[in-house]
There are 2 protein chains.
Amino acid sequence: MTVSGLRERKKQRTRDTLVRVALELFTGKGYERTTVDEIAAAVDVSQRTFFRYFASKEEVAFAVQQMVEERFYEALVERPAEEAPFDAMRNAVLSAWDTIGEAIEAVVPVELHLRMFQVIESTPALLAVHLRRATEMEERIARLIAEREGLDVDADPRPRVAVAAFSGVMRVTGQLWGRGTELTVCAMRDLTETYLDHLGPALASEWRD
Amino acid sequence: MTVSGLRERKKQRTRDTLVRVALELFTGKGYERTTVDEIAAAVDVSQRTFFRYFASKEEVAFAVQQMVEERFYEALVERPAEEAPFDAMRNAVLSAWDTIGEAIEAVVPVELHLRMFQVIESTPALLAVHLRRATEMEERIARLIAEREGLDVDADPRPRVAVAAFSGVMRVTGQLWGRGTELTVCAMRDLTETYLDHLGPALASEWRD
DNA sequence: CAGGCTAATGACAGCCACTGACAATTGACA
DNA sequence: TGTCAATTGTCAGTGGCTGTCATTAGCCTG
């Protein structure tokens, strides 16, 4: 995991500091009103160095998010083969939510990450990037699902369609959570569960109970 | 529709020319390799004037797309009330596809718009904006669906969930179409139809036939 | 049709994200 | 310790975008 060598450790420390400071500034005074120069100055590195760690100002905003997504993917890989595709995805998110906390805390306070999520949802430029990243993850998941079921992603529409529907719901819950007032991991988890359970009924031809 | 007055007509003409020239440059040499200065110079206006017509370089890329989306929304408004929500959306896209051609041609050649769509799908910065715009439209649609069914969007999850699933599928078809070789409105229409029909089966718990 | 009003434009200066190039520094390792 | 390579800082430059102000050009009234 951790590589020995002063050089590597120093680099990791600089990176982590950049992420933490950036998130503090973004959540504190807003993404757009924070300049890269400010972040670099606060960490005491040159602006050029910032761009050697992160390809763009946006990228640093998603550093923690990245970890969380990887966690979900791994959870999905580990779902038993007998679970139906949609159930596997559903269970993977829910179980990932339960163990994500510590992983985040290793880099930044969980509360900071949650507030950053809100900033992402409410900042047009970041929201756009967030959605694009989500589609990249979708493609990975679709391939994984297809593999699980022994199908060809490009021949059978079902893997991509199932994933698209699933992550569409995930996106809606993310939005609603961001707008709401219960900014806890727990609230997020419950909202996710509720909305996923409504997907079947929502596609039914008759909505009247 | 059209406002008399030399001033208004001149403005409309400048705007249309900016859109057409921009799309030609974007599709010809790529979005990133085209500068705003180039577009402005080609239309013989100052860069400052370009930014008085479009808030950003991205915005001009979506000018035609905007029209198409509005067309779909109107088609949805006109669906009969007895159609189930999901069917209404499905029929609205399909019927919109049939009449969109002429509307586009009024501004730019349809072929140019189709190639621009491909550029959007394959340019990360544009894809991100495209997805964000899509979610804004989703919100509008969810409200419309809720109204149709006499529901409260914020109380009942089904409108947003149904729309999310629907537009997730639409997004996938858009991607696949862009990657494919059949760059015609017709191919797009058929692909859309096929994939929408697979949504039900994709959510089923058993994929084996 | 003269002259005043206002919308539209151009010219200019400046901010910020980002990049290439080169020199200076600093771990790593023989 | 000295050499090598990775990391960093500096600087100059590009491109997207904005504020400001003077100029131009359609419009409208008398």
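Reminder, nothing fancy here: chain letters follow the sequence lines and each chain counts from 1. FYI, side chains are in, hydrogens and waters are out, and symmetry mates aren't considered; it's all heavy atoms of this structure.
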Please determine whether a side-chain nitrogen of the Lys or Arg among [X] and [Y] lies less than 4.0 Å from a carboxylate oxygen of the Asp or Glu.
X: A:Arg132; Y: A:Glu136; result: yes
X: B:Glu139; Y: B:Arg143; result: yes
X: B:Arg160; Y: B:Asp154; result: yes
X: A:Asp87; Y: A:Arg79; result: no
X: B:Glu138; Y: A:Arg171; result: yes

Between [atom2] of [N] and [atom1] of [X], the distance in whole Å:
X: A:Glu32; N: D:dC17; atom1: CD; atom2: P; result: 12 Å
X: B:Phe26; N: D:dG15; atom1: CZ; atom2: C1'; result: 13 Å
X: A:Ile39; N: C:dC18; atom1: CD1; atom2: P; result: 10 Å
X: B:Asp37; N: D:dG13; atom1: CG; atom2: P; result: 17 Å
X: A:Arg33; N: C:dA17; atom1: CZ; atom2: P; result: 13 Å
X: A:Phe54; N: C:dT19; atom1: CZ; atom2: P; result: 14 Å
X: A:Glu58; N: D:dG16; atom1: CD; atom2: P; result: 15 Å
X: B:Arg13; N: C:dT9; atom1: CZ; atom2: C1'; result: 15 Å

Requested in this report: Go through the side-chain N and O atoms of A:Thr49 and A:Ser46 and say whether any donor and acceptor fall under 3.5 Å apart.
Outcome: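 Yes, because at least one side-chain N or O of A:Thr49 sits under 3.5 Å from a partner of the opposite role on A:Ser46.
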Quick one: which protein N/O atoms are closer than 3.5 Å to N/O atoms of nucleotides 28-30 of chain C? Pair and distance per line, please.
| from | atom 1 | to | atom 2 | distance (Å) |
| --- | --- | --- | --- | --- |
| C:dA28 | OP1 | A:Leu6 | N | 2.8 |
| C:dA28 | OP1 | A:Arg7 | N | 3.2 |

Query raised in the report: Should A:Gln66 and A:Arg133 be marked as a side chain to side chain donor-acceptor pair (under 3.5 Å) after you check the CA-CA gap, both sets of side-chain angles, and the distance that decides it?
Result: CA-CA 9 Å; A:Gln66 175 81 36; A:Arg133 288 170 46 84; 3.3 Å; yes
Query raised in the report: With distance as the sole test, does A:Lys57 use its side chain to make a donor-acceptor pair with the main-chain N or O of A:Tyr31 at under 3.5 Å?
Result: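 It does hold such a pair.
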Might you list the N or O atoms of the protein lying below 3.5 Å from N or O atoms in nucleotides 8-10 of chain D, with each pair's distance?
| from | atom 1 | to | atom 2 | distance (Å) |
| --- | --- | --- | --- | --- |
| D:dT8 | OP1 | A:Tyr53 | OH | 2.9 |
| D:dT8 | OP2 | A:Tyr53 | OH | 3.4 |
| D:dG9 | OP2 | A:Ser46 | N | 3.0 |
| D:dG9 | OP2 | A:Ser46 | OG | 2.9 |
| D:dG9 | OP2 | A:Thr49 | OG1 | 2.2 |
| D:dG9 | N7 | A:Arg52 | NH1 | 3.3 |
| D:dG9 | O6 | A:Arg52 | NH2 | 2.6 |

**Report entry** B:Arg90 charged N/C atom sitting above B:Phe166 aromatic ring, 6.0 Å / 45°
**Finding:** no
